[in-house]
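The next block holds one structure in the form of structure tokens; read it before the comments.
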Number of protein chains: 2
Amino acid sequence: MAKKQLIMEKALELFAKQGFESTSVQQITEHCGISKGAFYLSFKSKDELILALIDHFMMQFLSEIDYVVRNTKNEKLLYEFFFTTFQSFHKHSDFAKLLMKEQAHTINEEFIHKMYDFNRMLDKVILTMIEHLYGERIRQTKYDLMYCIKGFIQTYSHLFVIYNVPLNLELLAHSLVEKTNVLAKHMTLPFISEDLHQIFTGPEYGRETKEQLIQKMEQLVEEVDDPIIKESLLLLKNELIYPSLSPAIVKGLQENIRQHPQCKWIPYLIDRYFKCL
Amino acid sequence: MAKKQLIMEKALELFAKQGFESTSVQQITEHCGISKGAFYLSFKSKDELILALIDHFMMQFLSEIDYVVRNTKNEKLLYEFFFTTFQSFHKHSDFAKLLMKEQAHTINEEFIHKMYDFNRMLDKVILTMIEHLYGERIRQTKYDLMYCIKGFIQTYSHLFVIYNVPLNLELLAHSLVEKTNVLAKHMTLPFISEDLHQIFTGPEYGRETKEQLIQKMEQLVEEVDDPIIKESLLLLKNELIYPSLSPAIVKGLQENIRQHPQCKWIPYLIDRYFKCL
DNA sequence: TTGACAAATGACTAGTTGGTCAGTATTATA
DNA sequence: TATAATACTGACCAACTAGTCATTTGTCAA
């Protein structure tokens, strides 16, 4: 199994430089000093390699952060969180680069799911940390605070991952601790409500089922007065059961109900349903 | 020249979905309903297409922001900045998606330079806005504040660009205004010093020269149909070579071409040219 | 109707890609 | 040493890629 690790290491170096898509299996095997056949003894496909990389480093990173968050006293918690995060990025800078490059890329269905899962887990870690630190005081603004923290991490890590400048990570962590505390103390206007956060993260993997979606639409048909929106909802509901309309018509119907404040979520849920299955 | 625009529009749709590298010229031409040869009549290469896309949308976006920052009273400035930014991302969400996907990708030397240039310009706009708003008070922390603002924009725009949820952009802008003000007022521990910022942005990369600007305007004269805009472009081009018109006339001509979606960033480039030299 | 010019086509090239597999080398067991 | 089992190789394949160019189609003035 040493071969598997060799391939992962060497491939990561190339992915960090060139990205996943622009790195060929040929290049990887040459960089490892092995033959093409040997590669396919360790990994069934190129996709399996990147999934293994994501799994390996992501779990390592997440568990490190999680350990720190669980085992640090409150006074040092925020500092240790930032410091560990950046140190981890620094230590595995090739992986951090890969993550930044492929952030939003549609490499593969499974890859996307893994990334979503990872994000959900990170969200949870940060949220519990925030709740632990500030308690009830930030109930209204905790989701905003979480997104701000993620913004800090992304923006600042971008700087030292892309430009290879040696940075004073202690100072960086201290500086971000202050920013976070300032926001937690004085922020009053939340943007991300509980509901909104639910929509972003989705109901834990198993999303809305078709039946739930149809039920919700039937309920809305009863509640809505506007005949156009009523009919659009009905047609879309039937489309879910027996797909028969052209994409343009479906898109148009979705646009219709997007106008109505009560229904505007429906097109999003429909899209998400089709994307997941 | 309508073909060029058709290709850009249709290609952008595919790039937003699949990314630049995974979209073939074949796919683009099929999506346009034209032949492969026709593509190469409009663009010398696939690389030239993405550079044209970047140029077109980036300049449009930057000039919009710049216009708002220059023409808004201080009390509403920050709000208008955030609101315009997000509205622009919303309007051109395909381009925003492309930008997120290809953020750190090594597509091409020229592409990277363009992205660096764009970032530098955005940095400058944000910095002047901050200086204008808070003056001497934030001299120490202004670079940190700028990176925080960019972090806010990135994190929150990610949410509504990736998940296609209709958001209340007014509320979002208000919320971010508060966050920014809170940070500006209470932040004391800077991380990004003047020197560090210099290192990140690097020495000014040869911005548009007069010749490039003139060339671009000549190209637009060919592509535009409206006679008023055509003449305005020609007069402004001559003004660049032999300054002879009064400031009021020049301003008026700039206002003319600002109306046209393809030309509206030209005034911004002209201003920048005169300011830098 | 003709002829001249521009616009558009798609079969073509030369090269790359992820992936396979018949065959060779290496090792472990007897 | 002989045999069986495993590890490895690299020529090969089909499918794709960006880009080209001889040929066809469309347009408009004479």
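From a predicted model like this one, the values you see are computed outputs, not experimental measurements. So you know, we letter chains A, B, ... as the sequences are listed, proteins then strands, and number each from 1.
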Nearest-Å distance, [atom1] ([X]) to [atom2] ([N])?
X: B:Gln18; N: D:dC16; atom1: CD; atom2: P; result: 14 Å
X: A:Phe39; N: C:dT17; atom1: CZ; atom2: P; result: 13 Å
X: B:Gln26; N: C:dA11; atom1: CD; atom2: P; result: 10 Å
X: B:Glu30; N: C:dG10; atom1: CD; atom2: P; result: 11 Å
X: A:Ile28; N: C:dT16; atom1: CD1; atom2: P; result: 17 Å
X: B:Phe20; N: D:dT17; atom1: CZ; atom2: P; result: 13 Å
X: A:Leu49; N: C:dG18; atom1: CG; atom2: P; result: 11 Å
X: A:Leu41; N: C:dT24; atom1: CG; atom2: P; result: 18 Å

B:Phe20 vs B:Phe15 aromatic rings, parallel, tilted or perpendicular, using cut-offs 30° and 60°?
-> perpendicular
Identify whether any heavy atom of B:Ile34 sits under 4.0 Å from a base atom; if not, whether one sits that close to sugar-phosphate; answer base, sugar-phosphate or nothing.
-> sugar-phosphate
Describe the nucleic acid contact of A:Thr23 in one word from base, sugar-phosphate, nothing, applying a heavy-atom distance below 4.0 Å.
-> sugar-phosphate
Within a reach of under 6.0 Å around CD1 of B:Ile228, are more than 12 heavy atoms found that belong to other residues, nucleotides or ligands?
-> no
B:Glu255 atom CD, neighbour heavy-atom count above 12 within 6.0 Å = yes
Which one, D:dA18, D:dT9, C:dG19, comes nearest to the side chain of B:Ser24?
-> D:dA18
Think [X] has a side-chain N or O under 4.0 angstrom from the OP1 or OP2 of [N]?
X: A:Ser35; N: D:dG10; value: no
X: A:Lys36; N: D:dG10; value: no
X: A:Lys3; N: D:dC8; value: yes

From the list A:Lys150, A:His158, A:Gln154, side-chain contact (heavy atoms from CB on, under 4.5 Å) with B:Gln154 holds only for A:Gln154
Between CG on residue A:Leu122 and CE on residue A:Met58, distance to nearest 0.5 Å = 9.5 Å
